[in-house]
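Residue numbers run from 1 in the order of the sequence given. What you see is a predicted model; the values in this text were computed from it and never measured.
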Amino acid sequence: MSKVIVLFCLMVALSHHIHAQHSPKDYLDAHNEARAAVGVGPLVWNEKVAKYAQAYANVRSKDCAMKHSDGPYGENLAAGSWKVSAKEAVKMWVDEKPLYDVQTGLCVGGGMDCRHYTQVVWRNSRSVGCAHVSCPTGWTFVTCNYDPPGNYVGQRPY
């Protein structure tokens, strides 16, 4: 009997650890750390936006294709061949920071290689909702959506 209780407790602890890597707090902490670094106010979790993100992640769960939803929100996508955590997904986007030229307000070289980062720190975005799914390929697909959206041509993120 005690082995069953220990096994049950271990399973509960493990499931809590796995879930905790994708909790709203995990996504918010990662986003808000990057935002605070440039003096932008924190995001809050938005259940409506999170439901939108989950619905789209469910669509992508069949193939993990890096295609945007073209919905009403700002959007960042991430995927990996491992179980990508909330912190890792946001880090992928924030790691584009060196590609953002603060002087010009553009991505270095005029491309779009910093637009995931600029969406994370977009000053007018107030809320975020994120979701993740596993794909049959073993990959993890993560999407975060932002309300209001950012990355408007001619505007700076902060």
_Please determine whether the number of non-hydrogen atoms from other residues, nucleotides or ligands lying under 6.0 Å from atom NZ of Lys62 exceeds 12._
yes
Tightest non-hydrogen contact, residues Val49 and Tyr146, listed as CG1-N, 4.4 Å
- Under 3.5 Å, is there a donor-acceptor pair between the Gln155 and Trp122 side chains? no
Hits for side-chain contact (heavy atoms from CB on, under 4.5 Å) against Ala53, two or more places apart or cross-chain, chain-then-number order -> Ala131, Thr143, Asn145
Can a donor-acceptor pair be found, under 3.5 Å and without considering hydrogens, that links the side chain of Asp147 to the backbone of Asn46?
no
- Query: Between Thr118 and Tyr158, is any side-chain donor less than 3.5 angstrom from a side-chain acceptor?
  - Reply: no
Transitive ILVMFWY side-chain link Met66 to Val142, under 4.5 Å
no
d(His132 NE2, Gln54 CD) to nearest 0.5 Å is 8.0 Å
_Under 4.5 Å between side-chain heavy atoms, counting indirect links through other Ile/Leu/Val/Met/Phe/Trp/Tyr residues: same cluster for Val94 and Val40 or not?_
yes
Give the C-alpha distance, both sets of side-chain angles, the deciding distance and a yes or no for side-chain contact (heavy atoms from CB on, under 4.5 Å) between Lys48 and Ser127. CA-CA 10 Å; Lys48 179 181 174 186; Ser127 65; over 6 Å; no
Correct closest heavy-atom pair for Ala30 and Lys87 would be CB-CA, 4.2 Å
Of all heavy-atom pairs linking Trp139 and Cys64, the shortest is CB-SG, 3.8 Å
* To do: Using atom types as modelled and distance alone, determine if a side-chain donor or acceptor of Gln21 lies under 3.5 Å from a backbone N or O of Ser85.
  => no
inquiry  = If we ignore hydrogens and angles and just use 3.5 Å, is the side chain of Arg35 paired with the main-chain N or O of Val120 as donor and acceptor?
reply    = yes
**Asked** Should Leu28 and Tyr117 be counted in the same cluster of Ile, Leu, Val, Met, Phe, Trp and Tyr side chains packed under 4.5 Å apart?
**Response** yes
Can you find a pair of side-chain heavy atoms, one from Tyr56 and one from Glu75, that are under 4.5 Å apart? yes
field: Shared hydrophobic cluster, Leu77 / Val84 (ILVMFWY, side-chain heavy atoms < 4.5 Å)
entry: no
Under a 3.5 Å distance rule, please check whether Gln119 uses its side chain to pair with a backbone N or O of Asn151 as donor and acceptor. no
In terms of heavy-atom contacts, Tyr27 and Cys144 come closest through CD2-SG, 3.8 Å
Distance col, row Asp63:CG vs Phe141:CZ, nearest 0.5 angstrom, shows 8.5 Å
**Prompt:** How far apart are the C-alpha atoms of Arg126 and Val44, what are their side-chain angles, what is the distance that settles it, and do they pass the side-chain contact (heavy atoms from CB on, under 4.5 Å) test?
**Reply:** CA-CA 6 Å; Arg126 299 286 177 241; Val44 297; 5.7 Å; no
Measure from the side-chain N and O atoms of Thr140 to the backbone N and O of Ala79, and report whether any donor-acceptor pair falls under 3.5 Å.
no
Would you say CD of Glu88 has more than 12 non-hydrogen atoms from neighbouring residues, nucleotides or ligands within 6.0 angstrom? yes
Aromatic ring proximity Tyr100/His116, centre distance under 6.0 Å = no
Nearest heavy-atom approach of Met92 to Ala78 is SD-CB, 4.0 Å
SG of Cys107 to CG of Asp101, rounded to nearest 0.5 Å, is 9.5 Å
Kindly determine whether Val38 and Lys97 satisfy side-chain contact (heavy atoms from CB on, under 4.5 Å), including the steps that lead there. CA-CA 11 Å; Val38 294; Lys97 183 177 183 176; 3.9 Å; yes
Tightest non-hydrogen contact, residues Pro98 and Val108, listed as O-CG2, 3.9 Å
Exercise for review: Using a 4.5 Å cut-off on heavy atoms from C-beta on, say whether the side chain of Val133 contacts that of Asn58.
Suggested key: yes
Separation between CG (Asn76) and CH2 (Trp93), nearest 0.5 Å, reads 5.0 Å
- Task: In sequence, state the C-alpha distance, the side-chain angles, and the governing distance for Trp45 and Val128, and then conclude on side-chain contact (heavy atoms from CB on, under 4.5 Å).
- Result: CA-CA 5 Å; Trp45 190 256; Val128 66; 4.3 Å; yes
Output for pair (Arg115 CZ, Leu106 CG), nearest 0.5 Å, gives 10.0 Å
